[in-house]
Structures are given as structure tokens and as C-alpha cells.
Amino acid sequence: QQVREHEPDAVVVFIGANEGFRLPGPRGRQLECCGPEWAAEYAYRVRRMMNTYRQGGEARVYWLTLPAPRDGDRQEIARAVNAAISVAAEPYRAQVRVLDMSELFTPGGDYRDAMTVDGRRQIVREADGVHLNGTGAGIAAEVVLDAVRRDFGG
């Protein structure tokens, strides 16, 4: 509905940090996170969203991967979500940019609360160990804006 109403030239998506719930699969079977069937179903859903947002190739989609969360169980979920995002984007690489927040914020999959920003160490994560704080969101926004500039000029 939003795409029909607004016809955006670009859409930014950064979701999935609170995933891990069962998904309905084929024939109503419930799929437990985070095995191959769950990841395939998640990728299917992401691909449908990407296809809607890309508007038949008329728009760009910037989909951000998840940085590793602090909790080890949630790290497994983030890895499954990120793999599904990558798989989902394959048919639409001409319009969909997968922007790697995982490597930026958690190099090598190692969680960290802080990183060097503008020459000094700054907190980039919320206390929940999952979400980015304002500083982290600003860093992610710059990555998105750089990708937008590459696609649209400016």
C-alpha cells in the first residue's frame, strides 16, 4: 500500500533483530528457527518484500544486515537472518543493495558495544545488546547514504 501510494525511488530496510519465532511452512507445518527450512521460508518472505519495494526495477532497495547481538542464542538467529537476506537478494541484485552492518559493527562476528568513531572510542549499541544507539544508527545511515549517492549521483 505504501509503495502504491508514495512510489518511492528508494527504500531502506533494517529489520530482523527480533526474529527467531516459528514460521508457518508448507502444509501449515511450524518451522523452528534457525534451520535450513526456516531460513528458506524467511528468505521467501524477504524476497517478496524486496520485489514489492523494487517496483519492477524502478526503485532501489537498501537492505541492511544485522550486526551480531551480544547473546549467543540471538547470534544464531542473526546469522540465519543475514544468510536469508543474501539469498533473497540474488534475483534482484540490479536493484537491491545488501549493506553489511555485521562486518562494520561486529567484525568477524564478535560483538562489541563500542568502536572508534571520528578518532575516539564511542558506544554504538543500546544496552539491550541488540539494537544500534543513535551514534550507531548515524554510522549505518552514512553507509546507506553512500550507497544512495553511488546509485543516484550527488
Side-chain angles (χ1 to χ4, degrees), residues 1-21 33-34 38-154:
Q1 181 180 349
Q2 289 175 326
V3 168
R4 278 194 305 271
E5 185 176 325
H6 299 291
E7 298 179 1
D9 294 324
V11 175
V12 179
V13 181
F14 192 20
I15 60 173
N18 293 316
E19 294 296 347
F21 299 100
C33 185
C34 290
W38 185 93
E41 179 63 28
Y42 194 86
Y44 170 73
R45 291 164 184 237
V46 169
R47 183 173 291 133
R48 286 179 49 204
M49 290 175 68
M50 289 174 173
N51 190 39
T52 297
Y53 292 144
R54 71 184 194 91
Q55 302 171 67
E58 296 298 315
R60 296 292 178 267
V61 179
Y62 303 89
W63 202 293
L64 286 64
T65 63
L66 303 176
R70 183 185 304 127
D71 178 72
D73 291 338
R74 300 222 54 86
Q75 287 178 9
E76 178 186 0
I77 296 166
R79 283 191 299 271
V81 166
N82 288 344
I85 291 167
S86 181
V87 167
E90 279 306 312
Y92 307 129
R93 287 294 182 175
Q95 298 89 30
V96 176
R97 312 290 181 252
V98 176
L99 304 178
D100 190 359
M101 298 297 110
S102 181
E103 193 58 31
L104 175 62
F105 289 100
T106 52
D110 295 327
Y111 177 83
R112 61 183 178 172
D113 288 313
M115 59 191 270
T116 302
V117 180
D118 297 328
R120 64 186 180 91
R121 198 144 171 82
Q122 296 187 50
I123 302 291
V124 293
R125 303 295 284 268
E126 291 288 346
D128 66 7
V130 175
H131 298 92
L132 300 177
N133 67 9
T135 301
I139 294 167
E142 282 302 317
V143 172
V144 172
L145 289 172
D146 287 346
V148 169
R149 286 183 197 104
R150 282 191 300 275
D151 285 340
F152 291 93

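Without hydrogens or angle criteria, Asp113 side chain to Gly129 main chain gives no donor-acceptor distance under 3.5 Å. No donor-acceptor pair closer than 3.5 Å links the side chain of Glu19 to the backbone N or O of Ala80. Using a distance-only test at 3.5 Å, with no hydrogens or angles considered, a donor-acceptor pair links the side chain of Arg47 to the main chain of Val87.
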side-chain contact (heavy atoms from CB on, under 4.5 Å) between Ile123 and Asn133: does it pass, once the steps are laid out?
-> CA-CA 8 Å; Ile123 302 291; Asn133 67 9; 3.5 Å; yes

Phe14 and Val144: side-chain contact (heavy atoms from CB on, under 4.5 Å), yes or no, with the steps?
-> CA-CA 11 Å; Phe14 192 20; Val144 172; over 6 Å; no

Given the rule in the side-chain contact (heavy atoms from CB on, under 4.5 Å) test, do Gln55 and Val3 qualify, once you have shown the distances and angles that lead to the verdict?
-> CA-CA 8 Å; Gln55 302 171 67; Val3 168; 3.4 Å; yes

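Arg97 is linked by a side-chain contact (heavy atoms from CB on, under 4.5 Å) to Arg60, Tyr62, Leu99, Asp151, counting only residues two or more places apart in sequence or in another chain. Partners of Glu90 by side chain to side chain donor-acceptor pair (under 3.5 Å), not counting sequence neighbours, listed by chain and number: Arg93.
Using a 4.5 Å cut-off on side-chain heavy atoms (C-beta onward), Leu132 and Pro67 make contact. Within the 4.5 Å cutoff, the side chain of Arg112 has heavy atoms near those of the Pro107 side chain. The side-chain heavy atoms of Val11 and His6, taken from C-beta on, include no pair separated by under 4.5 Å. Using a 4.5 Å cut-off on side-chain heavy atoms (C-beta onward), Arg79 and Glu76 make contact. Annotation: side chain of Gln2 is not in contact with side chain of Pro8 (no heavy-atom distance under 4.5 Å). Contact of the Ile139 side chain with the Met101 side chain is not registered, since no non-hydrogen atoms from C-beta on lie closer than 4.5 Å.
Atoms CG and OH, on Asp71 and Tyr111 in that order, are 11.0 Å from each other to the nearest 0.5 Å. Rounding to the nearest 0.5 Å places OG1 of Thr106 at 10.0 Å from CE of Met115. Here the CZ-CG distance, from Phe152 to Leu145, works out to 12.0 Å after rounding to the nearest 0.5 Å. Rounded to the nearest 0.5 Å, atoms SG (Cys34) and CZ (Arg74) are 8.5 Å apart. One finds the CD1 atom of Ile85 at 6.5 Å from the OG1 atom of Thr65 (value rounded to the nearest 0.5 Å).
With respect to the salt-bridge test (charged N to carboxylate O, under 4.0 angstrom), the residues Glu58 and Arg54 do not qualify.
Listed by first and then second residue, the side chain to side chain donor-acceptor pair (under 3.5 Å) pairs that reach into residues 117-129 are Asp128-His131, sequence neighbours excluded.
Within 6.0 Å of CZ in Arg48 there are 12 or fewer heavy atoms belonging to other residues, nucleotides or ligands.
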